[in-house]
Amino acid sequence: MRLLPLSLSGRRSGPRHDRRAADLSKVPGPAPFERRTPARSRARRLAVFAAILTGACIFAVLTEGGRATRSVRSLGEQIDDIATMAGFGLRQINVTGHRMTPDASVFDALELSPAASLLRFDVVAARRRIERLPWVETATIERIFPDEITVTLTERAPYAVWRKPGGDVLIDKEGRELGPAYGSHAGALPVIAGEGAALLAHILFRNLASYPELRSRLVEAERVADRRWTLTLERGMRIHLPAGNEAAALVRLMAPRPGGRLIDRDLALVDLRAEDRIIVRRDPAGPTGAAAPRH
């Protein structure tokens, strides 16, 4: 008896037959893995195509070939419609506390549309928009159901008139521009000029508050090169203040002297920019006068 060699798998090696290696091309019938489309699937595809074609025809007829279409309204607009029908549409707006802010500016900042409802009205966003208006300092908005809004404003107080190349404007204490200066507002307010004057005017006038007489005679305060102030008084006297330490310079200006205070003399110019001397000039076109004694 002869032994046949074994393979590593423990099975006898030798010729073997593999059915999967057979030539299937000779087997009668359809090719391997070929799928036939049933008649029912073909019918379904034809039905879907017919439905799409029918819908396209109906759309073309109803919209005149697409010319009579309109955009779908947003969900928010539909909610507004429902809320308005339920009695929550905006029907009344009350604005109080304003004198310089036009009603139209407040309504524009509210951004109300004809279909707006009280349910979707954004109070926080509306308040921020209103407080960006020039005269408005604070705004309070209250929703009063079912259909009312109350807006209460606190306006800024004009502090000075700022003379600019494009025209005089009113500013508040913080230097914010409020609007054109005209009428009774401009007449009772101090006048400033120069670049940077609006933001620093409150410091100057705080120092001038200690000298009511000097403040009452002030015609204009000009900021020079955004470094220092030049004061113009009645009768044309000009006072050059130093760049910094304005309070100490005003003390020197208003100090009593043997010949009287400097602002009481017939002077055209008082220059306080130097710490060790005061330069005065009697005639703007004449030579510089003698230095006043330092006290």
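These numbers were taken from a predicted model, which means no experiment stands behind them.
Residues satisfying the side chain to side chain donor-acceptor pair (under 3.5 Å) criterion with Arg127, sequence neighbours excluded, are absent altogether. Checked against side chain to side chain contact (heavy atoms under 4.5 Å, CB included), Ala274 has the following partners two or more places apart in sequence or in another chain: Asp276, Arg277. Residues satisfying the side chain to side chain donor-acceptor pair (under 3.5 Å) test with Trp162, not counting sequence neighbours, are none. For Ser105, the side chain to side chain donor-acceptor pair (under 3.5 Å) test picks out no residue, with sequence neighbours left out. In this view, Thr232 satisfies the side chain to side chain donor-acceptor pair (under 3.5 Å) rule with no residue, not counting sequence neighbours. In this structure, the salt bridge (Lys or Arg N to Asp or Glu O under 4.0 Å) partners of Glu220, at least two apart in sequence or on a different chain, are Arg163. Under the side chain to side chain contact (heavy atoms under 4.5 Å, CB included) criterion, Asp103 pairs with His98, Phe107, not counting sequence neighbours. Every residue two or more places apart in sequence or in another chain that forms a side chain to side chain contact (heavy atoms under 4.5 Å, CB included) with Ala248 is listed here: Asn245. For Arg235, the side chain to side chain contact (heavy atoms under 4.5 Å, CB included) test picks out Arg217, with sequence neighbours left out.
Taking 4.5 Å as the limit, every side-chain heavy atom of Thr154 sits out of range of all side-chain heavy atoms of Val136. Between Trp135 and Pro158 there is a side-chain heavy-atom pair separated by less than 4.5 Å. Residues Val151 and Leu153 meet the side-chain proximity criterion, which asks for heavy atoms closer than 4.5 Å. When side chains are defined from C-beta on, Leu214 counts as touching Leu250, because their heavy atoms get closer than 4.5 Å. Contact annotation: the side chain of Ile192 never approaches that of Glu222 to less than 4.5 Å [non-hydrogen atoms, C-beta and beyond].
The list of side chain to side chain donor-acceptor pair (under 3.5 Å) pairs with a residue in residues 204-216, not counting sequence neighbours, reads Glu213-Arg261.
When all heavy atoms are compared, the tightest approach of Ile130 to Ala109 is CG1-CB, 3.7 Å. Across all their heavy atoms, Leu200 and Arg223 have their closest contact at CD1-NH2, 3.3 Å. Nearest heavy atoms, Ala249 versus Leu272: O-CD1, 3.5 Å. Across all non-hydrogen atoms, the minimal contact from Trp229 to Ala193 is CZ3-O, 4.5 Å. The minimum heavy-atom distance between Leu269 and His240, with the atom names listed, is CD1-NE2, 3.4 Å. Nearest approach of Arg238 to Thr230, heavy atoms of both residues: NH2-CG2, 3.7 Å.
For Glu195, the CD atom counts as loosely surrounded, since its 6.0 Å shell holds 12 or fewer non-hydrogen atoms of other residues, nucleotides or ligands.
When only modelled atom types and interatomic distance are considered, Thr140 and Thr152 share no side-chain donor-acceptor pair under 3.5 Å. For the 3.5 Å distance criterion, the side chains of Arg99 and Thr101 fail to qualify, holding no donor opposite an acceptor. For the residue pair Asn94 / Glu148, a side-chain donor-acceptor distance below 3.5 Å is found, with atom types taken as modelled.
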Are Asp122 and Val124 close enough, and set up right, to give a side-chain contact (heavy atoms from CB on, under 4.5 Å), and what steps lead you there?
-> CA-CA 6 Å; Asp122 192 338; Val124 176; 3.8 Å; yes
Verdict with reasoning, Val219 to Leu233, per side-chain contact (heavy atoms from CB on, under 4.5 Å) = CA-CA 5 Å; Val219 175; Leu233 306 184; 5.7 Å; no
Could you walk me through whether Ile149 and Phe121 pass the side-chain contact (heavy atoms from CB on, under 4.5 Å) test, one step at a time?
-> CA-CA 10 Å; Ile149 289 178; Phe121 179 71; 3.6 Å; yes
Decide side-chain contact (heavy atoms from CB on, under 4.5 Å) for Val191 and Asp168; before the verdict, give the C-alpha distance in whole Å, the side-chain angles of both, and the deciding distance to 0.1 Å.
-> CA-CA 9 Å; Val191 178; Asp168 297 351; over 6 Å; no
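In the hydrophobic cluster analysis, where Ile, Leu, Val, Met, Phe, Trp and Tyr join through side-chain heavy atoms closer than 4.5 angstrom, Val280 is grouped together with Met254. Linking Ile, Leu, Val, Met, Phe, Trp and Tyr residues whenever their side-chain heavy atoms come within less than 4.5 Å leaves Ile93 and Ile144 in two separate clusters. Clustering ILVMFWY residues whenever any of their side-chain heavy atoms sit less than 4.5 angstrom apart, transitively, puts Val224 in a cluster other than the one holding Leu231. A continuous path of hydrophobic side-chain contacts links Phe145 to Val123 [ILVMFWY only; heavy atoms under 4.5 Å]. Note: the hydrophobic cluster containing Leu199 does not contain Ile203 (ILVMFWY, side chain heavy atoms under 4.5 Å, direct or indirect links).
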For residues 170-179, which side-chain donor-acceptor pairs fall under 3.5 Å, sequence neighbours excluded?
residue : atom : partner : partner atom : Å
Asp172  : OD1  : Glu174  : N            : 3.1
Asp172  : OD1  : Gly175  : N            : 3.1
Asp172  : OD1  : Arg176  : N            : 2.7
Asp172  : OD2  : Arg156  : NH1          : 3.0
Arg176  : NE   : Pro134  : O            : 3.4
Arg176  : NH2  : Arg132  : O            : 3.4
Arg176  : NH2  : Leu133  : O            : 2.8
Glu177  : OE2  : Lys164  : NZ           : 2.9

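With values rounded to the nearest 0.5 angstrom, Arg257 atom CZ is found 4.5 Å from Leu262 atom CG. Rounding to the nearest 0.5 Å places CD1 of Ile239 at 13.0 Å from CZ of Arg273. To the nearest 0.5 angstrom, Leu267 atom CG is 10.5 Å from Ile278 atom CD1. Note that CD1 of Ile141 is 8.5 Å distant from CD of Glu131, once rounded to the nearest 0.5 Å.
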